[in-house]
Amino acid sequence: MPTFIALLRGINVGKAKRVAMADLRALVEGLGYGEVRTLLNSGNLVFTAPKSAGKDAGAKIENAMSAKLVVSSKITLLDATELAAIMAENPFAKQSSAEPNRLLAGVLARPADRALLTPLAKQKWTPDALAVGARVAWLWCPNGQIDSPLAIATWKALGDRVTARNMATMLKLQALARG
């Protein structure tokens with residue numbers, strides 16, 4: 001069965017949208033998905049599902065979370081092949097190998113949303129840098145993302161159309177997806 005990765009937006013960030021990962025795993029298993037695993041405490045799920053059922057998994061999990069856990073979160077769903085393609089296109093692989101927490105992968109809910117990044121891609125952000133991939137905005141933030149003008153502008157431009165993970169987390173998700 002194919003492996004899917006669900007990236008839940010805004011889970012366990014601050015005091016809002018608190019979800020125990022054991023509860024999240026139980027919820028997803030209750031929906032009939034297999035080999036359900038979570039990564040960290042921030043809304044990263046890896047699970048298996050029949051290919052025909054997997055593409056609807058994001059919406060089903062969103063609805064179940066709202067109904068049963070009383071938490072709303074947008075979910076960006078990838079299959080293992082899409083995640084591998086994202087990782088393969090990393091334009092900052094050399095920099096991020098030494099400091100994976102300094103590279104953010106802003107995974108887009110829809111590939112068409114990358115058009116919203118066109119004005120930002122034309123600007124200089126030194127020492128930060130932006131690269132736009134097929135389904136991801138790559139943000140190299142060597143001084144961190146919290147005060148990064150690039151990160152602030154990117155999240156403002158995309159709103160809830162994106163969910164971000166640092167490269168360390170993306171590598172761990174890729175390893176989980178491989179089994």
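Along the sequence shown, the residues carry numbers beginning at 1. The structure presented is a predicted model; accordingly, all values stated were derived computationally and were not measured.
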Donor-acceptor contacts, no H, no angles, side chain residues 169-179, under 3.5 Å, sequence neighbours left out:
from : atom 1 : to   : atom 2 : distance (Å)
T169 : OG1    : N166 : OD1    : 3.3

*Taking C-beta and beyond as the side chain, do L45 and I5 meet within less than 4.5 Å on heavy atoms?*
no
By side-chain contact (heavy atoms from CB on, under 4.5 Å), A85 pairs with (sequence neighbours left out) none
Do F47 and E35 come close enough that some side-chain heavy atom pair is under 4.5 Å?
no
If you look only at distance, which donor and acceptor atoms sit under 3.5 Å apart when one is on a side chain in residues 20-34 and the other is two or more places apart or in another chain?
from : atom 1 : to  : atom 2 : distance (Å)
R25  : NH1    : T38 : OG1    : 2.6

Between the CE atom in M1 and the OG1 atom in T48, the distance rounded to the nearest 0.5 Å is 4.5 Å
Residues pairing under salt bridge (Lys or Arg N to Asp or Glu O under 4.0 Å) where one sits in residues 114-131, two or more places apart or in two chains, turn out to be none
Here the gap from I152 atom CD1 to I146 atom CD1, rounded to the nearest 0.5 Å, amounts to 10.0 Å
Should L7 and R165 be marked as a side-chain contact (heavy atoms from CB on, under 4.5 Å) after you check the CA-CA gap, both sets of side-chain angles, and the distance that decides it?
CA-CA 9 Å; L7 305 174; R165 302 295 187 272; 3.6 Å; yes
Distance col, row N101:CG vs C141:SG, nearest 0.5 angstrom, shows 12.0 Å
Does any non-hydrogen side-chain atom of N90 lie less than 4.5 Å from one of L103?
yes
Practice task
Look at the side chain of T118 and the backbone N and O of A115, then say whether any donor-acceptor pair between them is shorter than 3.5 Å.
Solution key: yes
Taking every heavy atom of L116 against every heavy atom of P119, the minimum-distance pair comes out as O-CD, 3.6 Å
Any heavy-atom pair between the side chains of L78 and I86 that's under 4.5 Å? yes
Sorted by chain and residue number, the salt bridge (charged side-chain N to carboxylate O under 4.0 Å, His left out) partners of R102 (sequence neighbours excluded) come out as E99
Minimal heavy-atom distance between R9 and V162, with the atoms involved, is NE-O, 2.8 Å
Tightest non-hydrogen contact, residues M65 and L8, listed as SD-CD2, 3.4 Å
W138 vs M167, test: side-chain contact (heavy atoms from CB on, under 4.5 Å). Steps then yes/no. CA-CA 10 Å; W138 296 100; M167 182 52 60; 3.2 Å; yes
- When hydrophobic residues are tied together by side-chain contacts of less than 4.5 Å, even through go-betweens, does V46 share a cluster with V19? no
Note to self: So W125 and L139, do their side chains get closer than 4.5 Å, heavy atoms only?
What the structure shows: no
**Study point:** Any side-chain heavy-atom pair of F4 and L77 under 4.5 Å
**Key:** yes
Here the gap from I61 atom CD1 to L69 atom CG, rounded to the nearest 0.5 Å, amounts to 11.0 Å
Nearest heavy-atom approach of A6 to I75 is CB-CG2, 3.8 Å
Salt-bridge test for E82 and R135: reply yes if a basic N is under 4.0 Å from a carboxylate O, no otherwise. yes
CH2 of W140 to OG of S148, rounded to nearest 0.5 Å, is 12.0 Å
Kindly list each side-chain donor-acceptor pair under 3.5 angstrom involving residues 154-161, sequence neighbours excluded, with atom names and distances?
from : atom 1 : to   : atom 2 : distance (Å)
T154 : OG1    : L150 : O      : 2.8

